[in-house]
Amino acid sequence: MSSFAGRMKEYPNMSLDRFDRENLHARAYFLSHCHKDHMKGLKGPLLKRKLKFSLTVKLYCSFVTKELLLSNPKYAFWEDHIVALELESPTLITLIDEASGEKEELVVTLLPAGHCPGSVMFLVEGAQGTVLYTGDFRLAKGDASRIELLHSGSRVKDIKSVYLDSTFYDPRFYQIPSRETCLHAIRGLVQDWVSRSAYHTVWLNCKAAYGYEYLFTNLGDEFHTQIHVKSLDMFKKMPEILSHVTTDRATQIHACRHPKDEEFVPASRLPCGSSASDGTPLNIISIKPSTMWFGERTQRTKVIVRTGASSYRACFSFHSSYSEIKDFLSYLQPINIYPSVIPIDVDCADWLFEGADLAPVRKRVMMQEATPTTLPNPPDEPLPLTHIPLITGDYMDCTESNDDEEERYLEEEERGGERDEGSVSNSGTPPHWEEFFTTEILTDSQTSQPHSCSHTSPSHSTLTGSQTPELFVDDSVKLPSQAESMLIQSEDRCQGDALTNLDAGGEESGSHTHQSEPTESQVSSDFDIPSTPDSHTPGPDDLSDLYRRLAAGEEVVTRTGSQSL
DNA sequence: GCGATCAGGT
DNA sequence: CACACCTGATCGC
């Protein structure tokens, strides 16, 4: 849970993702995405009153976030105070102190965060330097190098501070299977089930939060069906999503919810109460998207876990893993890092200080926010940790990792392997939600013709798979040597039930099928290499070299004017 | 009656 | 593990 107090040290007159307490005095507000834990105070009466008397206070966010926010009537009073910004379009924003008239100019750029529809990171450039507020994000390895506006020419911008979503910035969450791997596994399970008969139905037990939409669109496409959901209202202006969801219960894939669902769902009923028209009972399995992570030493493709006769958990994460965060930070090389949650357990912080001999000349500290009890100065004195927070060398074991073997688990059935995934989905690229957005309001009957309205996104993203096929990752690339050495051949891998052994009745299957070792190409999917021509992600060797040179006092970071628009 | 906070649940 | 909620109880205004 984000404990970010809302303000950045460099630009205390803007508030991001927090709208209570000190943030009531902000000159401008920023919302990175539409999750409740980032909207604290946003519907508070104090802020509501402030808006009434203010001509200049605005809330900046993406078009999609604006749409999702306003689909909830409780936030309707914001309507005339929201300024939706295009992605990747640097925008000059003037912060005005309404009492004194004092002005402060900033250039703010929204960068896609891959966390949920509309989610963005805020890149802020101004007199106090360039800072990046990540909000919540899920970016794959190498993604930072593909974001043009993090660069100035061919070089990464000089970033003073990163305000980081550090949810999984802990070695225990070393690796999380890629979005494509998870999607592929879920697709396989759904395929296995719904192909049995028209009465075989899948219930996706998703949380009441945005972020599962790309699962719906992908499964919808794959199985030529729409996914049953509770409401379509919020997607009115997002034809790509809208066309894949329905309120018609007569479909084999459901993601509907009911306040008190959990109990009676796996038995035979869906939250929506749907049943076959001829009285035949439906065969229902539930798939619960959950975050499952993979420590270095438990490298195995446990992407789907069977938790009962007809219930499964499927790996699914909105947040970047430790290794993805590490890659992100290694690439950006910020001077300061402010984690949004306490970075790691004090008891196992030793790993932080490994490699201290490589400490660079350039000051590099891990900042920690003032604890809530030491208010009222949110961007208060940081707590500098004296050594490098990023260890690009060997990862040190922190705690024993995830070996919760209390449940029977399935290993992902690899079928065609992951090499072919680029042809199935926009592999290697996070979903680009703005593409789904239109200013038109479509009715249900119009949604059979999905289209993206490019006029709302004149500056297209380099992350957009559909527009940049050359960015597709070739999963067959050789592992970087370091990454390769980190992969431990698993000992005897426990065999789970193969997906193909599911009974029609959902009984636990007695038969076991030997699972083959993942091939290198399958395992390497999280160590892919970016292919953007004019940029590259430094590999572990590059970084070690870089640190060595920094430690030797060489000037390797060339400063460029970070004020360029 | 409302909001904020906490406990407990998925 | 931790997420992003939800519900209900309690407290204060």
Side-chain angles (χ1 to χ4, degrees), chain A residues 1-4 17-21 23-24 31-49 68 72 74-75 113-119 135-138 165-176 182 203-213 215 229-231 234 255-266 271 286-295 297-298 302 305 307-308 311-322 325 339-345 347-348 372-373 375 397-407 409:
Chain A
M1 202 73 34
S2 177
S3 63
F4 180 62
D17 287 355
R18 280 296 289 267
F19 309 90
D20 57 352
R21 299 174 171 251
N23 302 298
L24 287 164
L31 179 61
S32 71
H33 65 288
C34 214
H35 278 166
K36 294 273 175 10
D37 57 325
H38 288 253
M39 295 160 62
K40 207 170 183 199
L42 193 54
K43 61 172 156 41
L46 295 171
L47 194 48
K48 193 169 181 174
R49 224 164 64 132
L68 297 178
N72 184 340
K74 287 183 171 154
Y75 300 101
H115 176 70
C116 71
S119 67
D136 283 352
F137 72 98
R138 173 108 203 242
D165 166 22
S166 53
T167 303
F168 293 138
Y169 194 38
D170 179 320
R172 280 178 300 169
F173 319 135
Y174 192 79
Q175 194 215 341
I176 296 170
C182 298
W203 176 50
L204 302 170
N205 181 1
C206 300
K207 296 197 179 92
Y210 299 116
Y212 300 98
E213 292 73 14
L215 183 60
V229 296
K230 208 173 174 186
S231 168
M234 57 290 267
C256 44
R257 288 178 303 104
H258 188 275
K260 52 176 189 358
D261 44 26
E262 216 73 35
E263 307 94 70
F264 56 160
V265 167
S286 71
I287 303 175
K288 185 172 190 167
S290 327
T291 308
M292 291 180 261
W293 47 80
F294 296 75
R297 289 164 203 292
T298 54
K302 196 167 78 172
V305 176
T307 55
S311 50
Y312 299 82
R313 281 172 171 247
C315 185
F316 197 93
S317 179
F318 296 162
H319 296 272
S320 275
S321 67
Y322 175 79
I325 295 171
S340 65
V341 291
I342 288 122
I344 48 172
D345 203 39
D347 293 337
C348 56
T373 49
L375 284 168
D397 237 0
C398 181
T399 63
E400 278 310 308
S401 45
N402 61 316
D403 263 317
D404 42 20
E405 303 292 302
E406 82 287 0
E407 299 168 328
Y409 65 85

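Not measured: the values here are computed from a predicted model. Here is the naming used below: chain letters follow the sequence lines, and residue numbers restart at 1 for every chain.
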Nearest-Å distance, [atom1] ([X]) to [atom2] ([N])?
| X | N | atom1 | atom2 | answer |
| --- | --- | --- | --- | --- |
| A/K207 | C/dC6 | NZ | C1' | 12 Å |
| A/R21 | B/dG3 | CZ | C1' | 14 Å |
| A/I176 | C/dA2 | CD1 | C1' | 10 Å |
| A/L42 | C/dC5 | CG | P | 13 Å |
| A/R49 | B/dC2 | CZ | P | 18 Å |
| A/M39 | B/dG3 | CE | P | 14 Å |
| A/L215 | C/dC3 | CG | C1' | 16 Å |
| A/D136 | C/dA2 | CG | C1' | 12 Å |

If you only use heavy atoms from C-beta on, which nucleotide in [options] is closest to the side chain of [X]?
| X | options | result |
| --- | --- | --- |
| A/T167 | C/dC1, C/dC5, C/dA2 | C/dA2 |
| A/A208 | C/dC1, B/dT5, C/dC6 | C/dC6 |
| A/F168 | C/dA2, B/dT5, C/dC6 | C/dA2 |
| A/K36 | C/dC6, C/dC1, B/dT5 | C/dC6 |

Query raised in the report: side chain to side chain donor-acceptor pair (under 3.5 Å) with A/T167: which residues, sequence neighbours excluded?
Result: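 Result, side chain to side chain donor-acceptor pair (under 3.5 Å) vs A/T167: A/D165, A/H319.
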Query raised in the report: Does the gap between the ring centers of A/F318 and A/Y212 come in under 6.0 Å?
Result: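 Judged by ring-centre distance (under 6.0 Å), A/F318 and A/Y212 do meet the cut-off.
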Contact under 4.0 Å: [X] side-chain N or O vs [N] OP1/OP2:
| X | N | result |
| --- | --- | --- |
| A/H319 | C/dA4 | yes |
| A/H258 | C/dT7 | no |
| A/R172 | C/dA2 | yes |

**Report entry** Which residue lies more 5' along DNA chain C, comparing A/H35 with A/F173 via nearest heavy atoms
**Finding:** A/F173
Query - Set of side chain to side chain contact (heavy atoms under 4.5 Å, CB included) partners for A/K36, sequence neighbours left out - result: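 Checked A/K36 against side chain to side chain contact (heavy atoms under 4.5 Å, CB included); matches are A/Y75.
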Query raised in the report: Using 30° and 60° as the class limits, which term best fits the ring planes of A/F173 and A/F168: parallel, tilted or perpendicular?
Result: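 Plane angle over 60°, so perpendicular.
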Query - With A/R138, the side-chain contact (heavy atoms from CB on, under 4.5 Å) member among A/S119, A/S317, A/S321 - result: A/S317
